[in-house]
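Everything below concerns the one structure shown next.
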Amino acid sequence: MRTQRPSLGIMVTELNRELPFANSNFYQNLSYHGSNEGMDVIVFSPNRINWEQDMVRGYMYERETQTWIAKLFPLPSLIYDRCFFSNKQSYLMYQSLVRKLREKPHIRFLGYGLGGKWEVGQILQRDADLQPYLPETNRLRNKRQLEAWLHNRTDAFLKPQGGSQGRGALHVHKEGLLFQVQGRDGSNHPIARDFMDWDSCWQWLKNLIGTRPYLLQEYLHLHSLNGMAYDVRSLVQKNGRGYWEHTGMAVRIGKPGSITSNLHGGGTAEDVTDFLAREFGETKSQQLLDTIATLSKHIPTLLEASHGRLVELGIDLGIDTSGHVWILEVNSKPGRTVFARLHNERARMKSITNPIHYAGFLLNKQLS
């Protein structure tokens, strides 16, 4: 009988299917690297915890048979939170379960999920060094507020406070008496509508947005020379020594006609150095890369100081047509697809192994 190895629990959203979680390839890779580091990796949903016995029904990947095995495990002492939500109800339930886990003295999280876009933006806004890189942003409150904004600026960018993958992002443009809306609905399908008056435009927007809290943001011209929307995804992670490191970055380019560049909306990935040199020339592109590197170093420590422990961040940066860098979004549960699309094997491997190495660092710290 083998001695009990330390375990890392990957906490996921439960889905209604045979293997009840997404991203199984990623977790399979984590299991493989975790095993090499001397730890078991268990995938579980927080609503499968037996709180009295500190046990959980979860899944472990068996390398010999290459299958996921379901059984009861002791609740892992280290948790890597990879839960995502499709609605407010499941998010509120998750929050209460995470609170219960955080109250248990023997359990540690690799990092805690960030709040919504507005809350994160407010933390960043308090730092004077970051203010030049932050687009003007307000909470979307009512019809009159948006009408006044469009009267002054002719363009507005609307996005859900808790959305991801470009879902629900909208560009509203005013041209005389015409109002044009372009973007993606909640299911990530492209939409484009024209309205001859503000009342009908607002009514349509209100129906589309529903009760979801939205942000009203300065519209930025974030497109390439050939008119394609793009942004830069920069991935920063804690390493095996407990320090932040820059894992890699890549350009994400949207489909023709899209206002967002997310890969889930049909976008493509490209090497950031080559892309920026082509767009801005060698000298300017090097300045842009330096700015991105500086922001990628500064943002994690700033957020962690206000928020508490983090393990990794996907920082999305826009570069407008005049070559100014903007911080668009910071995500505490970033995907890694962009590196696989680029065939950047070094960054792809580091993006997978860094959480395992950081888990090993925390476990060793705990044992010592």
Side-chain angles (χ1 to χ4, degrees), residues 79-85 88 91-92 94-96 98-99 101-102 108-141 145 156-169 212-220 222 231-239 242-247 249 260 262 290-320 324-335 354-355 358:
I79 293 174
Y80 181 27
D81 182 355
R82 294 291 297 176
C83 288
F84 297 93
F85 312 96
K88 192 175 180 179
Y91 177 65
L92 292 172
Y94 151 85
Q95 274 190 316
S96 70
V98 166
R99 266 195 299 273
L101 282 169
R102 286 178 77 159
R108 296 178 83 180
F109 279 71
L110 288 194
Y112 300 110
L114 285 170
K117 295 183 179 77
W118 175 255
E119 290 75 19
V120 173
Q122 292 302 103
I123 297 171
L124 298 177
Q125 195 70 51
R126 293 199 290 267
D127 187 281
D129 292 338
L130 293 183
Q131 283 172 10
Y133 304 100
L134 294 164
E136 188 183 337
T137 306
N138 297 296
R139 282 183 162 128
L140 179 63
R141 292 189 302 276
Q145 173 207 23
F157 188 66
L158 309 179
K159 63 181 181 183
Q161 279 194 48
S164 63
Q165 300 172 351
R167 288 189 178 93
R212 286 181 300 168
Y214 255 66
L215 296 179
L216 164 59
Q217 197 169 71
E218 177 183 353
Y219 179 72
L220 306 167
L222 308 175
D231 67 9
V232 177
R233 161 58 64 93
S234 176
L235 180 64
V236 286
Q237 296 176 299
K238 294 265 186 76
N239 61 22
Y243 298 126
W244 285 103
E245 70 171 39
H246 197 185
T247 304
M249 54 181 163
T260 60
N262 301 75
D290 291 345
T291 301
I292 291 167
T294 303
L295 292 172
S296 299
K297 189 177 180 183
H298 185 61
I299 289 168
T301 48
L302 174 76
L303 284 178
E304 212 167 30
S306 292
H307 170 80
R309 187 161 59 236
L310 293 159
V311 58
E312 57 191 351
L313 293 170
I315 303 169
D316 294 340
L317 302 137
I319 302 168
D320 66 23
H324 183 85
V325 176
W326 298 94
I327 301 164
L328 303 179
E329 218 161 283
V330 185
N331 182 350
S332 56
K333 297 175 186 177
N354 267 336
Y358 181 54

When you compare the side chain of [Y] with that of [X], does any pair of heavy atoms fall below 4.5 Å?
{"X": "L222", "Y": "D231", "answer": "no"}
{"X": "R108", "Y": "I79", "answer": "no"}
{"X": "Q125", "Y": "L130", "answer": "no"}
{"X": "Q237", "Y": "H246", "answer": "no"}
{"X": "L134", "Y": "W326", "answer": "no"}
{"X": "T247", "Y": "N354", "answer": "yes"}

Self-check item: side-chain contact (heavy atoms from CB on, under 4.5 Å) between L310 and L303, worked out
Solution: CA-CA 8 Å; L310 293 159; L303 284 178; 4.0 Å; yes
Quiz item: Does R141 make a cation-pi contact with Y214, if we ask for NZ or CZ under 6.0 Å from the ring centre and within 45° of the axis?
Solution: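 No - R141 does not lie over the ring of Y214 by the 6.0 Å and 45° rule.
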Quiz item: Is the cationic atom of K238 (NZ for Lys, CZ for Arg) positioned less than 6.0 Å from the six-membered ring centroid of W244 and within 45 degrees of its normal?
Solution: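 Positive - K238 is close enough to the ring of W244 and near enough to its axis.
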Would the distance check show the side chain of [X] and the main-chain N or O of [Y] forming a donor-acceptor pair, the cut-off being under 3.5 Å?
{"X": "S332", "Y": "G113", "answer": "no"}
{"X": "K117", "Y": "L215", "answer": "no"}
{"X": "Q122", "Y": "E119", "answer": "no"}
{"X": "D81", "Y": "C83", "answer": "yes"}
{"X": "H307", "Y": "Y112", "answer": "yes"}

Quiz item: Taking 4.0 angstrom as the limit, do E312 and R82 come out as a salt bridge?
Solution: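 A salt bridge is present here (some side-chain N lies under 4.0 Å from a carboxylate O).
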Please name the pair of heavy atoms, one in [X] and one in [Y], separated by the smallest distance, quoted to 0.1 Å.
{"X": "R126", "Y": "S306", "result": "NH2-OG, 3.7 Å"}
{"X": "P300", "Y": "S296", "result": "CD-O, 3.0 Å"}
{"X": "P160", "Y": "A169", "result": "CD-N, 4.3 Å"}
{"X": "Y358", "Y": "L110", "result": "CE2-O, 3.5 Å"}
{"X": "R309", "Y": "F109", "result": "NH2-O, 2.8 Å"}

Interatomic distance, [X] atom [atom1] to [Y] atom [atom2] [nearest 0.5 angstrom]:
{"X": "E245", "Y": "L235", "atom1": "CD", "atom2": "CG", "value": "9.5 Å"}
{"X": "L124", "Y": "I315", "atom1": "CG", "atom2": "CD1", "value": "9.0 Å"}
{"X": "T137", "Y": "K159", "atom1": "OG1", "atom2": "NZ", "value": "6.5 Å"}
{"X": "L317", "Y": "E329", "atom1": "CG", "atom2": "CD", "value": "11.0 Å"}
{"X": "I319", "Y": "T291", "atom1": "CD1", "atom2": "OG1", "value": "8.5 Å"}
{"X": "I299", "Y": "E304", "atom1": "CD1", "atom2": "CD", "value": "13.5 Å"}

Self-check item: Stepwise side-chain contact (heavy atoms from CB on, under 4.5 Å) check, L313 with N331
Solution: CA-CA 5 Å; L313 293 170; N331 182 350; over 6 Å; no
Quiz item: Given L220 and F157, is the side-chain contact (heavy atoms from CB on, under 4.5 Å) satisfied, shown in steps?
Solution: CA-CA 8 Å; L220 306 167; F157 188 66; over 6 Å; no
Quiz item: Could you go step by step and tell me if R139 and W118 meet the side-chain contact (heavy atoms from CB on, under 4.5 Å) rule?
Solution: CA-CA 8 Å; R139 282 183 162 128; W118 175 255; 3.0 Å; yes
Quiz item: So, D127 versus Y133: side-chain donor-acceptor pair below 3.5 Å or not?
Solution: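 There is no such pair (donor and acceptor under 3.5 Å, judged by atom type) between the side chains of D127 and Y133.
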